[in-house]
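The structure appears right after this line, and notes come after that.
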Amino acid sequence: QVQLVESGGGLVQAGGSLRLSCAASGSIFRLDAMGWYRQAPGKQRELVAVITSGGSTNYGDSVKGRFTMSRDNAKNTVVLQMNSLKPEDTAVYYCNAVVTTPQMYTFNSWGQGTQVTVSS
């Protein structure tokens, strides 16, 4: 089986920063695209950022210029650096990965989520 574990969430005041990490482990042959999604109460889950295996990134309009996603392929980890945080960034943040197992089975895996709360 494959596990994705997020860390780094917490409470921060508006204008502050947080760094989220996601570590993938288990029966992994290759990780391809990985992403961060978030979901606030009463809202749909939305894409925050995505990164390809080669390091190319795309961001949701609401976080462009404030968030930066990166990856360490050797460690099967991704990081989301969040700066200039706003109260509307408050949500549960989820890590996602396209995983290929040694048996060449490819699927999407999700982490359990980590809470980010930004106070005004």
Side-chain angles (χ1 to χ4, degrees):
Q1 61 179 351
V2 175
Q3 301 86 38
L4 300 180
V5 179
E6 303 99 333
S7 62
L11 175 64
V12 66
Q13 63 184 3
S17 298
L18 282 175
R19 181 179 179 272
L20 306 184
S21 296
C22 173
S25 63
S27 299
I28 300 171
F29 174 75
R30 185 181 68 246
L31 294 173
D32 294 307
M34 299 186 71
W36 287 97
Y37 293 75
R38 67 186 183 186
Q39 188 165 25
K43 296 184 178 180
Q44 297 292 316
R45 187 173 297 187
E46 66 174 343
L47 176 68
V48 176
V50 63
I51 189 167
T52 69
S53 60
S56 179
T57 55
N58 284 286
Y59 300 91
D61 288 341
S62 63
V63 307
K64 287 180 180 176
R66 300 188 296 121
F67 293 7
T68 302
M69 189 175 183
S70 60
R71 69 189 295 160
D72 185 336
N73 291 329
K75 296 182 178 180
N76 288 342
T77 60
V78 292
V79 167
L80 183 69
Q81 179 65 46
M82 305 186 294
N83 299 323
S84 302
L85 283 162
K86 305 174 180 179
E88 50 262 44
D89 295 319
T90 296
V92 178
Y93 284 70
Y94 297 90
C95 180
N96 170 263
V98 178
V99 180
T100 299
T101 69
Q103 295 73 40
M104 295 297 119
Y105 176 63
T106 300
F107 62 98
N108 274 299
S109 183
W110 290 88
Q112 81 289 343
T114 186
Q115 177 71 48
V116 171
T117 303
V118 184
S119 62
S120 61

Minimal non-hydrogen separation, [X] against [Y], with atom names:
| X | Y | result |
| --- | --- | --- |
| A14 | S120 | CB-CA, 4.4 Å |
| L4 | A24 | CD2-CB, 3.3 Å |
| V116 | G9 | CG2-CA, 4.3 Å |
| A91 | Q115 | O-NE2, 3.4 Å |

Between [Y] and [X], is there a side-chain donor-acceptor contact under 3.5 Å, judged purely by atom types and distance?
| X | Y | answer |
| --- | --- | --- |
| R19 | S17 | no |
| Q81 | T68 | no |
| S53 | D32 | no |

Using modelled atom types only, decide if a donor and an acceptor are shared between the side chain of [X] and the backbone of [Y] within a distance under 3.5 Å.
| X | Y | answer |
| --- | --- | --- |
| Y59 | M69 | yes |
| E46 | R38 | no |
| T90 | V118 | yes |
| R30 | T100 | no |
| R71 | T52 | yes |

Electrostatic pair D89:K86 at N-O distance under 4.0 angstrom: no

Min side-chain heavy-atom separation N73-L31 under 4.5 Å: no

Validation row: Q13, L85 side chains within 4.5 angstrom (heavy atoms): no

Distance check, rounded to the nearest 0.5 Å: [X] atom [atom1] versus [Y] atom [atom2]?
| X | Y | atom1 | atom2 | result |
| --- | --- | --- | --- | --- |
| Q3 | I28 | CD | CD1 | 8.0 Å |
| T117 | L11 | OG1 | CG | 6.0 Å |
| C22 | M34 | SG | CE | 4.5 Å |

Would you kindly confirm whether [X] and [Y] end up in one hydrophobic cluster when ILVMFWY residues are joined by side chain heavy atoms under 4.5 Å apart?
| X | Y | answer |
| --- | --- | --- |
| F67 | V79 | no |
| W36 | V99 | yes |
| V48 | V92 | no |
| V50 | F107 | no |
| F29 | Y105 | no |

Crowding at CD, Q112 (>12 non-hydrogen neighbours, <6.0 Å): yes

Non-neighbouring partners of T101 that pass side-chain hydrogen bond (donor to acceptor under 3.5 Å, both in side chains), sequence neighbours left out: Q103

Chi angles and distances behind the side chain to side chain contact (heavy atoms under 4.5 Å, CB included) call for L20, M82: CA-CA 8 Å; L20 306 184; M82 305 186 294; 3.7 Å; yes

Whether Y94 and W110 hold their rings parallel, tilted or perpendicular, with breakpoints at 30° and 60°: perpendicular

